[in-house]
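Lettering of chains follows the sequences in order, A, B, ..., and the numbering in each one begins at 1.
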There are 4 protein chains.
Amino acid sequence: MPRPSVEAERREQILSAACEVVSELGFKSLRIADVARRAGTSSGTVHYYFDTKTALMRAAFEWNFARSLDRRRDLLQEHADPRQRLRAFVDSYLPGDPETVRAWHVWAELWVEALHDRDLQELNEQVYGEWRRLMASIVRDGQDAGLFRDEDPVVVANALIGMIDGLALQVLLGSRSMTLERMRAVCEQVLSSLTVGSSA
Amino acid sequence: MPRPSVEAERREQILSAACEVVSELGFKSLRIADVARRAGTSSGTVHYYFDTKTALMRAAFEWNFARSLDRRRDLLQEHADPRQRLRAFVDSYLPGDPETVRAWHVWAELWVEALHDRDLQELNEQVYGEWRRLMASIVRDGQDAGLFRDEDPVVVANALIGMIDGLALQVLLGSRSMTLERMRAVCEQVLSSLTVGSSA
Amino acid sequence: MPRPSVEAERREQILSAACEVVSELGFKSLRIADVARRAGTSSGTVHYYFDTKTALMRAAFEWNFARSLDRRRDLLQEHADPRQRLRAFVDSYLPGDPETVRAWHVWAELWVEALHDRDLQELNEQVYGEWRRLMASIVRDGQDAGLFRDEDPVVVANALIGMIDGLALQVLLGSRSMTLERMRAVCEQVLSSLTVGSSA
Amino acid sequence: MPRPSVEAERREQILSAACEVVSELGFKSLRIADVARRAGTSSGTVHYYFDTKTALMRAAFEWNFARSLDRRRDLLQEHADPRQRLRAFVDSYLPGDPETVRAWHVWAELWVEALHDRDLQELNEQVYGEWRRLMASIVRDGQDAGLFRDEDPVVVANALIGMIDGLALQVLLGSRSMTLERMRAVCEQVLSSLTVGSSA
DNA sequence: GATGAATGAGAGTTCATTCAT
DNA sequence: CATGAATGAACTCTCATTCAT
């Protein structure tokens, strides 16, 4: 009589551990044994749930993304004003708290892994699409309310997302010139310039 | 009678080969033997020039950056108008021709490698600083000429650079939603909005 | 209310499955999990009936032999003429029908396994002894009836059995030079030469 | 300046070691590390010469066969009388001296491995063909000289070879009923019966 | 300067076996 | 009786690194 929850729980433990290890050591240096130890289990068990290291990493990337979405789901309901909604949304991507930093690390590893892996590119495509859709939708709401300049929302979303990716990477790299605070400031500035009537 | 240039030439061959292999296979999958074969030499010789794989990669990253700068040196002299200069500069980073694509690949691998390597972070810091300085300088020239809006040039440079990094990554990932052409369009739009008197 | 036969039935299922898997994949590649799946049960259950993989294989070898004997028991009663009896007996060992082929496969795996296992050698000794006894007995019957040449029956039996083993192996190996038909022809020829008055 | 002989010598050492280990432990239990230790080298070196365990085993089987042929090459020149030539040839296959026993062991492992491997079946086909050709040729010489009965030489060769295979296997299995001496006796008897004018 | 044979530490993966349920 | 999740020992294979030539 296997309890149905046991397998799901174990899976989560392992995926969470995998993300932690990727974040700390990087994909390249990740060993199955590390993930196992972190998850409090054996390497055999990791292989019981995931056939190969590649399969484990793919699942971990997906899990990392699903968690990211979950963390932001409520956020979008909290602010009626599109300006505040956009600000909060962008803000949630600043690599400040450890959980967000970890998610960014995993995401960065995915990128580079995906450069040579068609399947992961597809995953990136889906995630990025979801992200762009959310962002563009907020921009559109703001424009409908006459709050944002009348530019193509998709172009604006792409520009913002690209910028966030690029800046976050520099923050993660510990750049002295692009700290968390600088990134926040740059984002503020750019968001302001979207607003109708802004001088900049 | 070994000419002194022999060693320098060999070094270049190896570094070039290393960048090619990184670009094609990724850092993780790169083997010294691959680099040797690509460079038309033996793994023993690669080790003769570079003590360790890490040393080789570090040198390759630096070489990749130096070449990038070289390729753009003339560019900045060609355009008297800061608007055209900025446009040409940004344009030169679009991952279009094979050489630029390869350089971006190498750069992306460096980023992720640097996430867990202090020395590479320092390299990133220098390169990124150089890039930001060039970009900010053009912006400043434009402002002095009354052509660009009066925002903090460093902030503008950071925003642009971040955006270019993020968008280029998506193009490299073969995104159907962020193709080379889309990236070009987004960049055009953003550059336009910098110009004084632009409606957007 | 488990019927006492349940265990016996399960045992048979597992042994039969083990023989099938050995025949298809070979001893080396046989996994307990394969046998379990083939028997429609779990690996845990296989271990419930057989402590170790070795024990399972030993039992499977014995089961395979017992079945072989069963299949030939009636055969020997059917022919009053020793010549026909011998012919039918030899014929029954030709690797023609799937069941016989499977039995040969299992037997071949036993041989090689037994090369490094004293216990399996003992099993081979018993089985081979039984086989030789039956064969020699038929030969003796034929000689008593004045139908076969007057050679040492044990030597004749050994020669025949050796030949059958060796030829069957080649047939099993899919030899183009030693097909089932060729083997049948060679056996016919040799059996003929045993008969008194044969020209060959 | 690599000496050309180094690689060939090393290869031989490894193949010889592989045959020894196969003979002692069997294919199933053979570990690369065992072969390496036996060859006085490291497992890495074994893999330097043979990509995979499978490749190593295939090469070992071929090497074993080539050596077997070499050992018998002179034998066939030594006896002008086909009866003595056939006797000496058959005799050379009796698993008496350690070298022949080892060769038989390797051969037996090949058989069973080949049951599930098309490539090895092809190797068996070639070797067996060579063997049958030699044997049939001697028989034909004997018939031409009026020394052997007038049976189809190929059938005779097949019968003899099958018998030798089957009997050798039993001797290798340490059968108390089929010792080396018994096998020799059976072979003598059968060879005698081929001779014209033999009473049996 | 250059080579490539040789090494051996290290990692992924397999699978018989165990045991709580 | 039966299950299958979990284990971990064992093995193949990889590859940076070394060094004799």
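- Mapping Val46(C) and Thr52(B) onto DNA chain F via the closest heavy atom, the residue that lands nearer the 5' end is Val46(C).
- With both pairing distances under 3.5 Å, dA2(E) is matched to dT21(F) as a Watson-Crick or G-U wobble pair.
- Between dA2(F) and Tyr49(C), a contact under 4.0 Å exists linking OP1 or OP2 to a side-chain N or O.
- A donor-acceptor pair under 3.5 Å links the side-chain atoms of Ser42(D) to the main chain of Thr45(D), judged by distance alone.
- Between Asp70(A) and Arg67(A) no salt bridge is recorded (no basic side-chain N to carboxylate O distance below 4.0 Å).
- Ring planes of Phe61(C) and Phe27(C): parallel class, angle under 30° (limits at 30 and 60°).
- Whole-Å rounding puts the Ile14(B) CD1 to dT3(E) C1' distance at 13 Å.
- Distance OH (Tyr48(C)) to P (dA20(E)): 17 Å, rounded to an integer number of Å.
- When heavy atoms are screened at a 4.0 angstrom cut-off, Phe50(D) is found touching no nucleic acid atom at all.
- In terms of modelled atom types and a separation under 3.5 Å, the side chain of His105(D) and the main chain of Gly26(D) share no donor-acceptor contact.
- Across the protein-nucleic acid pair, Lys53(C) atom NZ and dT17(E) atom P stand 8 Å apart, rounded to whole Å.
- Without hydrogens or angle criteria, Lys53(D) side chain to Leu30(D) main chain gives a donor-acceptor distance under 3.5 Å.
- Shown here for Arg11(D) and Ala59(D), the closest heavy-atom pair between the two residues is NH2-CB, 4.2 Å.
- Rounding to whole angstrom units, CG of residue Leu56(B) and P of dA16(F) are separated by 10 Å.
- Rounding to whole angstrom units, CD of residue Gln13(B) and C1' of dG1(E) are separated by 13 Å.
- At distances below 3.5 Å, at least one donor-acceptor pair connects side-chain atoms of Ser68(B) with backbone N or O atoms of Asn64(B).
- Remark: P of dA2(F) and CD of Glu9(C) are 11 Å apart, rounded to the nearest angstrom.
- The stretch residues 24-44 of chain B touches DNA chain F through Leu30(B), Arg31(B), Ile32(B), each having a heavy atom within less than 4.0 Å of the strand.
- Nearest-nucleotide mapping onto DNA chain E: of Thr45(B) and Thr45(D), the residue sitting toward the 5' end is Thr45(B).
- Whole-Å rounding puts the His47(B) NE2 to dG1(E) P distance at 19 Å.
- What separates CZ of Arg10(D) from P of dG4(E) is a distance of 18 Å, to the nearest Å.
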